[in-house]
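Presented below is the structure to which this report refers.
Hydrogens, waters and symmetry mates are skipped; everything else that's a heavy atom, side chains included, is used. All values reported here derive from a predicted model rather than from experimental measurement. Residue numbers begin at 1 in each chain, while the letters A, B, ... track the order of the sequences.
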Amino acid sequence: MADKKHLYLVDGSAYIFRAYHRLPPLTNPEGTPVGAVYGYTTMLWKLADDLDAADGPTHLAVILDKSSHSFRNEIYDQYKANRPDPPEDLVPQFPLIRDATRAFSLPCIEEPDVEADDVIASYARAAQAQGWDVTIVSSDKDLMQLVGEEAGPNGPAKIDMLDTMKSARIGPEEVEEKFGVTPDKVGDVLALMGDTADNIPGIYGVGPKTASKLIAEHGNLTAALDSAEDMKKSKLKERLLEHRADAELSRILVTLKEDCELPVPLEDMALKSIPPGPLTEFLQAHGFTSLLRRLDAGSGSPERSNDLNPAKAQKAGDEGTPEGNRQPLPDMPAVDRSAYECVQTRDALDAWIAKCMNARVVAVDTETSALDAMQADLVGISLAVGPNDACYIPLDHHNEGGGGSDMFAERPEQIAREDALEALKPMLASDAVLKIGQNIKYDLNVLARYGVDVSPIDDTMIISFALDAGRGEAGIGGGHGMDELSQRHLGHTPLSFKEICGTGKKQIPFGEVPLDRATEYAAEDADVTWRLHKHLKPRLPVEGGTKVYERVDRPLIPVVAMMERNGIKVDRARLAKLSEEFATEMGKLETLIHEEAGEEFTIGSPKQLGTILFEKLGYKGGRKGKSGQFSTDQAILEKLAGDGAEIATRVLEWRQLSKLKSTYTDALQAAINPDTGRVHTSYSLVGAQTGRLSSTDPNLQNIPIRTAIGRQIREAFVADDGNVLLAADYSQIELRLAAHMADVPSLKEAFEQGEDIHARTAKEMYGEVTRDTRAAAKTINFAILYGISRWGLAGRLGVDSDEAQEVINTYFDRFPGIQNYISETLIQVKERGYSETLFGRKTWFPRINSKNQTERQGSERAAINAPIQGTSADIIKRAMARMMPALEEAGLGPRNGKGVRMLLQVHDELVFELPEGDVEAASTVIEKVMAEAAEPAVKLSIPLGVDIGHGKSWGEAH
DNA sequence: ACGATCACG
DNA sequence: GACGTACGTGATCGTA
């Protein structure tokens, strides 16, 4: 394997376009724009430098487009006809790519009459045929057809792709994830969906989803097209029949020519050490001083570049926040799991603790027996202070079947848990040592249960969220989990939990994993976390993420952790009684429904229900959705009920009860923690792209309140004896923020006067306030927050779309600031790619300029809403971070586990548990902290109203 | 694993 | 001129 050849083929032309859009507009000393060339140069550098890496190149060549004309234009004169001219300041950079490539002494290939893609395909196949591995450095979807493995003369030879912008490998799985079919069928999918960028027609009206579904079902393009004959009458059928020729033409256009001339023999592409002369000259000529410095430091062999030199970016007139600037891979050795240490003695542990104190920055990760931080036992702790400088400290490992207190359990040598924690405590609590975690809230909770405090902290997951919320693009994940971050930023795949512990029935608890394997896995997690921190943290100041991370999100981590540990008491008996009542009532309804249907069926099956209602009983209400299934959702059933269908009413009642029982009354009883007797939710700080929290296991942010029957469930959330629950919620916070952000004088005045805002809107719009006009005004107010469309509003108001348009016009007339806000927000998001809250939280919208209208409009609506929803989230988060210190200052803090405790957050509401006698004093503090939460960072032009109530239960507190 | 449905702000 | 019809979530169920 050591002498296996690995050819890297760089799609130079495509790269420079992307680099241009993602890097700051740098210029060289002569004033020539070179930002894209800089990006290209660092990328080449990095690739060439990976020569010795496990998956690095042994051979490398750059392929460029010779001209904009190719044989495809002969087949189809409209091919790429809609391509706009490249931006003015990019044009002079094209020839520089050639210069850069030559400076590295790398082969640079351009062929007439074919495209770079074809040359790449030809070289890739030629290399594969000789048994070489091939990596195509590009993210062009046409090239994804080539990905895969074929038998070669000495074992399988694989072709994959590397997207250096995203630091992501694209293998068969990624291709399949993107297209829903294997790489060899990608051409068929492309032929159906077409490509607006290349002006490839495809089938009009068929997008990626439909295309991949059709190909997956029928196997290939011809079969998919033939299948149209037998399809039921539909738009799709018509289109497939009508545009068949387009698809067939497209198939030819997307097919790569794999037998181009190969002007440079494969062997001549071997990577050699790079003569420094030409490279130095090139770097000097373009003022790439940071790279020059690295060249010098690296004694002739290029070292990896760490990032864009911020000083340089500034010199070029950049603001220091290059949008979309993905930094190249950090300067670190490859992960080497054999370097990790398993710490089994007190001496070894003490040495590590000293090492951490010395390092000042340490990544910490806990391994536990289960996922639930409130129940899991601590099994081990891993630490990392540098790349590959990591250890695992097993604390409760034992052989299979030897768990618990079994005296026959065989335990490998390890330090007693209590002793190890006692030794670690000072370091974990030391102000002089920053503890980094990936989702460190989990570790905080586990360790807190053992009496261990961890502070100060940093969290790579939260940093990633502050930088890249929403940034995921189709086919490439945008999440903030460790494996994904590692893949994206480090190009490294950590051992997966499954590989170590197995899956399903064969899964074993982490405590039973042999120590050598456990060390590899656990220490690697700490190592990767340390590396991610090294990589991500410096991006915060450069990309404007510091404020929201330092001022809003980081301080919240221990606060939310504490809320989770606090938990909330639920009245089990009351829930059980409700479950029983619901079951009885459901039984009665079931009988009635079956009687009316004339047969027994599963009411909970929308499919069966649809058949009964619309086929057997003959009610009207057509098919819907891709599945070709009848829709039986609430709106449709209510319509049927309105037309006198008794069965629809009964089904609606049954559904309500079924939902309440399974999701709430049954599930909440099961969620009671046996040790604490309370329910502990888990909040995700990165769950919602807008910056809101989300709540899981169980979700306590969607407990019923809107109907009387559902509200009974809230009555089951109760305070401990002698205590009450207090609920404090912001009143109309999003509308208030909209009034402020869009600067609407009449709405602001209404809020200042404490008026009923929907009534005020009704008065402005309709001249009078009645029940109907107020209801309509309320609908319109929400429509505004969510990004309005005339059709959407029409549906909600029960009028036609022309009338809805009238209503919208009137609204914009009366409140002109709103229209401005919407258009200015959209212009900005389209330009920069992200929206921003008043506190600087960014949410990215990678699809805001999509050619697909549905996708684009969806992004537009989300982008209108995100600054408002996100600012509201920022405000309540700030209130949460300040709440306990303020209460403590007022002498109301937790006292022997009592006093005022913050339990829940529901987007605009905070729930507390407190001694009955503290209600009045606590209300004053809580109201003040919440009302002033925006200050001093942001001065709002409207007051923030806070409503407070209390009672024995959450229901009563409202 | 995924869509349909429905609970919340 | 068609597209598909309000923003943000999570849990459960039936079905593939």
Side-chain angles (χ1 to χ4, degrees), chain A residues 204-207 235 239 469-470 601-610 624-637 651-652 655-664 666-668 670-671 681-684 686-707 709-711 713-714 729-730 732-734 738 779-797 801 804 808 835 843 850-870 872-873 876 904-909:
Chain A
Y204 173 80
V206 169
K235 276 256 161 62
R239 285 171 176 159
F601 67 101
T602 310
I603 304 171
S605 160
K607 196 177 168 198
Q608 293 183 34
L609 178 64
K624 211 174 89 174
K626 298 128 216 143
S627 53
Q629 203 182 298
F630 292 112
S631 170
T632 64
D633 67 16
Q634 208 163 26
I636 299 227
L637 291 186
V651 170
L652 282 168
R655 275 207 186 143
Q656 185 187 22
L657 294 170
S658 161
K659 181 85 175 182
L660 295 177
K661 181 169 184 296
S662 65
T663 311
Y664 301 104
D666 289 352
L668 282 172
T681 184
S682 172
Y683 289 103
S684 168
V686 299
Q689 312 288 341
T690 53
R692 274 189 175 181
L693 306 189
S694 70
S695 158
T696 56
D697 307 308
N699 182 353
L700 294 185
Q701 289 181 321
N702 72 345
I703 302 302
I705 191 168
R706 290 173 186 171
T707 65
I709 181 158
R711 229 170 359 248
I713 292 162
R714 280 203 183 215
D729 61 274
Y730 284 113
Q732 308 284 10
I733 186 167
E734 292 196 2
T779 300
I780 299 155
N781 277 330
F782 279 106
I784 295 299
L785 296 180
Y786 297 151
I788 200 165
S789 83
R790 53 195 289 209
W791 295 276
L793 184 62
R796 307 258 160 174
L797 288 179
S801 70
I808 294 170
S835 71
T843 302
S850 168
K851 302 243 169 11
N852 175 332
Q853 193 159 192
T854 309
E855 203 170 76
R856 184 178 68 248
Q857 287 175 340
S859 288
E860 287 174 355
R861 290 192 297 269
I864 290 165
N865 180 249
I868 299 169
Q869 187 181 116
S872 162
I876 195 166
L904 303 178
Q905 189 252 41
V906 193
H907 310 309
D908 64 359
E909 173 185 9

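Here K659(A) pairs with nothing under the salt bridge (Lys or Arg N to Asp or Glu O under 4.0 Å) rule; sequence neighbours left out.
Counted by atom type alone, S695(A) and T681(A) present one or more donor-acceptor pairs between their side chains at under 3.5 Å. Between the side chains of R655(A) and T632(A), at least one donor-acceptor pair of N or O atoms lies under 3.5 Å.
Residue R692(A) places its side chain closer to dG8(C) than to any other of dC6(B), dG8(C), dC3(C). Closest approach to the S694(A) side chain among dG9(B), dT5(C), dG10(C) is made by dG10(C) (side chain taken as heavy atoms from C-beta onward). Comparing dT5(B), dT9(C), dC3(C) by their closest approach to the side chain of T632(A) singles out dT5(B). Residue R239(A) places its side chain closer to dA2(C) than to any other of dA6(C), dA2(C), dG4(C).
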B/S/- along nucleotides 11-16 of chain C (protein heavy atoms under 4.0 Å) is BSSSSS
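Between the side chain of Q853(A) and the base of dA2(C) there is at least one donor-acceptor pair of N/O atoms closer than 3.5 Å.
Nucleotides dT5(B) and dA2(C) place their C1' atoms 29 Å apart, quoted to the nearest Å. Comparing the P positions of dT5(C) and dA4(B) gives an interatomic distance of 11 Å, to the nearest angstrom. Comparing the same atom, P, in dG4(C) and in dG3(B) gives a spacing of 16 Å after rounding to whole Å.
In secondary-structure terms, DNA chain C builds stems of at least 3 consecutive Watson-Crick or G-U pairs, each pair having both distances under 3.5 Å, at B:1-9 with C:7-15.
The distance from atom CZ of R711(A) to atom CG of L660(A), rounded to the nearest 0.5 Å, is 12.0 Å.
Using modelled atom types, one side-chain atom of Q701(A) and one backbone atom of Q905(A) make a donor-acceptor pair closer than 3.5 Å.
Between W791(A) and Q869(A), the one whose closest nucleotide on DNA chain C sits nearer the 5' end is W791(A).
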